[in-house]
Amino acid sequence: MTVPMLKIGAVLSTMAMVTNWMSQTLPSLVGLNGTTVSRGGTSERIVSALYPSLEEGWQIYSSAQDADGKCICTVVAPAQNMCNRDPRSRQLRQLMEKVQNISQSMEVLDLRTFRDLQYVKNTEGLMKVVDGKLKVASENPRSLNPKGFQEVKDKVNQLLPLLPVLEQYKADAKMILRLREEVRNLSLVLMAIQEEMGAYDYEELRQRVLLLETRLHSCMQKLGCGKLTGVSNPITVRASGSRFGSWMTDTMIPSSDNRVWSMDGYFKGRRVLEYRTMSDFMKGQNFVQHLLPHPWAGTGHVVYNGSLYYNKYQSNIIIKYHFRSRSVLVQRSLSGAGYNNTFPYSWGGSSDIDLMADENGLWAVYTTINNAGNIVISRLEPQSLEILQTWDTGFPKRSAGESFMICGTLYVTNSHLAGAKIYFAYYTNTSSYEYTDIPFHNQYSHISMMDYNPRERVLYTWNNGHQVLYNVTLFQVIKTSGD
C-alpha cells in the first residue's frame, strides 16, 4: 500500500517540477517573456517574388558624388522575412519544437498517471480488506479456516491487475528522468544562444527589422527614376499555358488593384483570365474569364488603370478594353505601323506592336516602312490613344528579342534565346542612345514577352510556358529635403 502511493507521488512531483520549469524558466532563457516565436509560415502573398532574390539583402551602394558633392546611391530591396532565414531563428524553432514534443510527452504521462491513480484509489478498499484479514490471521492463525483462506486468496487475485500498473509507474519514472535530461540539454543550448544574441528580445528585433523593411520599401516607392544597372535572377511564379503568352498586373501608379491577368498564345486569342490576387494566380484558382470582342495579335499587351490595351488581330489598330464594364472604350489605328509579322521581334509571333507602361505613362513600340524597320517609340494619351510624341531609335526591330520601358528609357534585348542580355538603351528625355551590357538569366530559353511594372518595379516575362519575374536595380540620385 505505501510503496505504490510513494511512486505515484514521486511521478506527480517530478512532472510538476518540470512543468513549472518549462513555464517560467524557458521563456526567460530565450528572451520571449510575453511574446511568441513566429513560425516561418507560407505566406500566400507573393512578396518574395516582388523583391530581390533570397541571397540578396538590403544594399545601399555609395558609389559616386555629383558636382555639388551630393551622394549618389543605389538601393536594392530584399525579400521580406529575412530574419526567418537567420540560422539562430531556425535553431530556436527547432528547440521550440523539441519543447513542444516534451510537453506532449508530459501530457501523456499526466493523463496516464491520473487514470492509474484512479485505479489505485478504486482498489484501496480492497487492499484494506485484505490487510485486515491478514492481520487477524497473523494474530490468531487458528481462525484461518479453509473458507477464510479461500476468501483471502480471492481478494489477492483481484489485486493482481495492480502489478502491471506498478510496472508502468516504473517505466514512467525512467521516462521522467530522460525528459529531465533533455530539458537540461535544452537549457544549456538556449543559454548559449542567449549569450550569443545578447540581452535583446529576438522577437522584438525581428519585428523591428520587418518594420524597417516596410519603411524602406515605402521609401523606395518615393525614389525618383533611375538608370537600369542590373537584373536579378529569375523568380518562377508558375508554369502554365503554351510556349507563348503574356501575363500582367495593373501598371498604373498609384493603384491598389491586386488582380492578375493571363493571355495564352499570340494568334487570334480572345480569352483573358482574371485572377483576384497573385496567390490565386499561382494556384490557378478564383478567376473569371473575359471574352474580348476582337481577337489579339502578338503578346505586347498591357493593363493600365483598369483597362487592357492590345493590338487587334491582322491590323495596326490599338483597342482599349475596360475590364469592369466588359466593353471597348476606344480603338485607334497606329498610323503607318507594321503588323501581321511585317516587323516583329526576332522570335516572330505577330509581335509587331508592343504596348507598355512605365512611370511616365503609356507607350507603343513598333516600326514603319518609312523608318526602314527601325524601332519607333510613341507616347500615347491613355484616354484617346492619340500619339503625343514619337522617337526613331535607329535600332532594327528584327534584331531585338524583346524590349521594355523604364523611366522613359527603352531597353532592348539582343535575343529571345539563352544567353540574351540587355544590349541597347534609348533615352527619350535626351533623344540619345547607348549600347549596354546587362546580362540576365534566360532560364527557360525562349522569352516571348518582357514588360516592366513601375508599381512593383519588376519585369514580367513569359518564358516557354513559365511565368517569371525579375527584380531590377536602378541607379538613382537620392535627394534630401534640403537639396
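Below, each value reflects all heavy atoms present in this structure, side chains not excepted, and no hydrogens, waters or symmetry copies.
Side-chain atoms of Arg332 come within 3.5 Å of backbone N or O of Ser384 as a donor-acceptor pair. Judged by distance alone, with hydrogens and angles left aside, the side-chain atoms of Asn311 form a donor-acceptor pair with the main-chain N or O of Ser315 at under 3.5 Å. Not a single donor-acceptor pair under 3.5 Å links the side chain of Lys397 to the backbone N or O of Thr367. In this structure, Arg398 contributes its side chain and Thr342 its backbone to a donor-acceptor pair below 3.5 Å. Side-chain N or O atoms of Asn414 include one that pairs as donor or acceptor with a backbone N or O of Lys421 at under 3.5 Å. In terms of modelled atom types and a separation under 3.5 Å, the side chain of Thr393 and the main chain of Ile375 share a donor-acceptor contact. In terms of modelled atom types and a separation under 3.5 Å, the side chain of Tyr275 and the main chain of Ser262 share no donor-acceptor contact. Using a distance-only test at 3.5 Å, with no hydrogens or angles considered, no donor-acceptor pair links the side chain of Asn442 to the main chain of Gly419. Checked by atom type and distance alone, the side chain of Asp358 pairs as donor or acceptor with a backbone atom of Cys407 at under 3.5 Å. In this structure a side-chain-to-backbone donor-acceptor pair under 3.5 Å is missing from Thr436 to Ile438.
Of the charged side-chain nitrogens involved, none lies within less than 4.0 Å of a carboxylate oxygen, so that Arg259 and Asp250 do not count as a salt-bridged pair.
Side-chain atoms of Phe287 and Gln289, non-hydrogen and from C-beta on, never get closer than 4.5 Å to each other. Between Phe343 and Asn371 there is no side-chain heavy-atom pair separated by less than 4.5 Å. Residues Lys268 and Gln314 form no side-chain contact, since every pair of their non-hydrogen atoms from C-beta on lies 4.5 Å or further apart. Contact check for Tyr452 versus Met356: no side-chain heavy atoms found under the 4.5 Å cut-off. Side-chain atoms of Val303 and Asp257, non-hydrogen and from C-beta on, never get closer than 4.5 Å to each other.
Evaluation of the salt bridge (Lys or Arg N to Asp or Glu O under 4.0 Å) rule for Arg243 yields no partner, not counting sequence neighbours. With sequence neighbours left out, the salt bridge (Lys or Arg N to Asp or Glu O under 4.0 Å) criterion links Lys227 to Glu434. Taking Thr277 as the reference, Asp280 meet the side-chain hydrogen bond (donor to acceptor under 3.5 Å, both in side chains) condition, with sequence neighbours excluded. Residues satisfying the salt bridge (Lys or Arg N to Asp or Glu O under 4.0 Å) criterion with Asp392, sequence neighbours excluded, are absent altogether. Not counting sequence neighbours, the partners of Ser432 by the side-chain contact (heavy atoms from CB on, under 4.5 Å) test are Tyr427, Thr430. Scored by the side-chain contact (heavy atoms from CB on, under 4.5 Å) test, Tyr444 finds Thr236, Asn463, Asn464, His466, Val468 as partners (sequence neighbours excluded). Under the side-chain contact (heavy atoms from CB on, under 4.5 Å) criterion, Pro396 pairs with Asn374, Ser399, sequence neighbours left out. Qualifying side-chain hydrogen bond (donor to acceptor under 3.5 Å, both in side chains) partners for Asn340, counting only residues two or more places apart in sequence or in other chains: none. Among residues two or more places apart in sequence or in another chain, the side-chain hydrogen bond (donor to acceptor under 3.5 Å, both in side chains) test is passed with Arg270 by none. With sequence neighbours excluded, no residue satisfies side-chain hydrogen bond (donor to acceptor under 3.5 Å, both in side chains) with Asn429. Residues meeting the side-chain contact (heavy atoms from CB on, under 4.5 Å) test with Thr390, sequence neighbours left out: Tyr366, Val376, Ser378, Ile387.
Residues in residues 343-353 take part in these side chain to side chain donor-acceptor pair (under 3.5 Å) pairs, two or more places apart or across chains: Tyr345-Asp354, Tyr345-Ser403, Ser346-His416, Trp347-Glu402.
For Tyr339, the OH atom sits in a loose shell: 12 or fewer heavy atoms of surrounding residues, nucleotides or ligands are nearer than 6.0 Å. Sparse packing is recorded around CZ of Arg271, with 12 or fewer heavy atoms of other residues, nucleotides or ligands lying under 6.0 Å away.
With values rounded to the nearest 0.5 angstrom, Thr428 atom OG1 is found 5.0 Å from Met405 atom CE. Distance check, rounded to the nearest 0.5 Å: OG1 of Thr299 to CZ of Phe244 gives 9.5 Å. Between the OG1 atom of Thr461 and the CD1 atom of Ile447 there is a distance of 5.5 Å, given to the nearest 0.5 Å. From Met248, atom CE reaches atom CD of Gln467 across 10.5 Å, with rounding to the nearest 0.5 Å. Atom CZ of Phe424 sits about 15.0 Å away from atom CG of Asp437, to the nearest 0.5 Å. A distance of 9.0 Å separates OG in Ser415 from NE2 in His446, rounded to the nearest 0.5 Å.
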Practice problem: Evaluate the criterion side chain to side chain contact (heavy atoms under 4.5 Å, CB included) for residue pair Leu469 and Trp247; output intermediate values, then yes/no. | Solution: CA-CA 11 Å; Leu469 293 173; Trp247 71 297; 3.8 Å; yes
Exercise. List the steps, then state whether side chain to side chain contact (heavy atoms under 4.5 Å, CB included) holds for Val288 with Arg326.
Key: CA-CA 12 Å; Val288 296; Arg326 294 177 177 262; 4.2 Å; yes
Self-check item: Phe440/Tyr470 under ring pair (Phe, Tyr, Trp, His ring centres under 6.0 Å): CA gap, chis, key distance, verdict
Solution: CA-CA 9 Å; Phe440 65 94; Tyr470 292 89; 5.8 Å; yes
Quiz prompt | Trp261/Phe281 under side chain to side chain contact (heavy atoms under 4.5 Å, CB included): CA gap, chis, key distance, verdict | solution = CA-CA 8 Å; Trp261 293 271; Phe281 174 74; over 6 Å; no
Practice problem: Applying side chain to side chain contact (heavy atoms under 4.5 Å, CB included), run through Ile319 and Trp296 and close with a yes or a no. | Solution: CA-CA 9 Å; Ile319 293 178; Trp296 71 69; over 6 Å; no
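Tyr433 and Tyr426 have parallel rings, their planes meeting at less than 30° on a 0 to 90° scale where 60° marks the start of perpendicular.
Nearest heavy atom pair, residue Pro382 against residue Tyr309, reads O-OH, 2.9 Å. Across every non-hydrogen atom of Leu228 and Val472, the tightest pair is CD1-CB, 3.7 Å. Nearest heavy-atom pair across Val328 and Pro293 is CG2-CG, 3.4 Å. Shown here for Val330 and Gln383, the closest heavy-atom pair between the two residues is CG1-O, 3.5 Å. Heavy atoms only, all atoms of each residue included: Ser240 and Trp462 are closest at O-CZ2, 3.6 Å. In terms of heavy-atom proximity, Arg455 sits nearest to Met252 at CD-O, 3.4 Å.
No hydrogens or angles considered: nothing links the side chains of Asn453 and Thr251 as a donor-acceptor pair under 3.5 Å.
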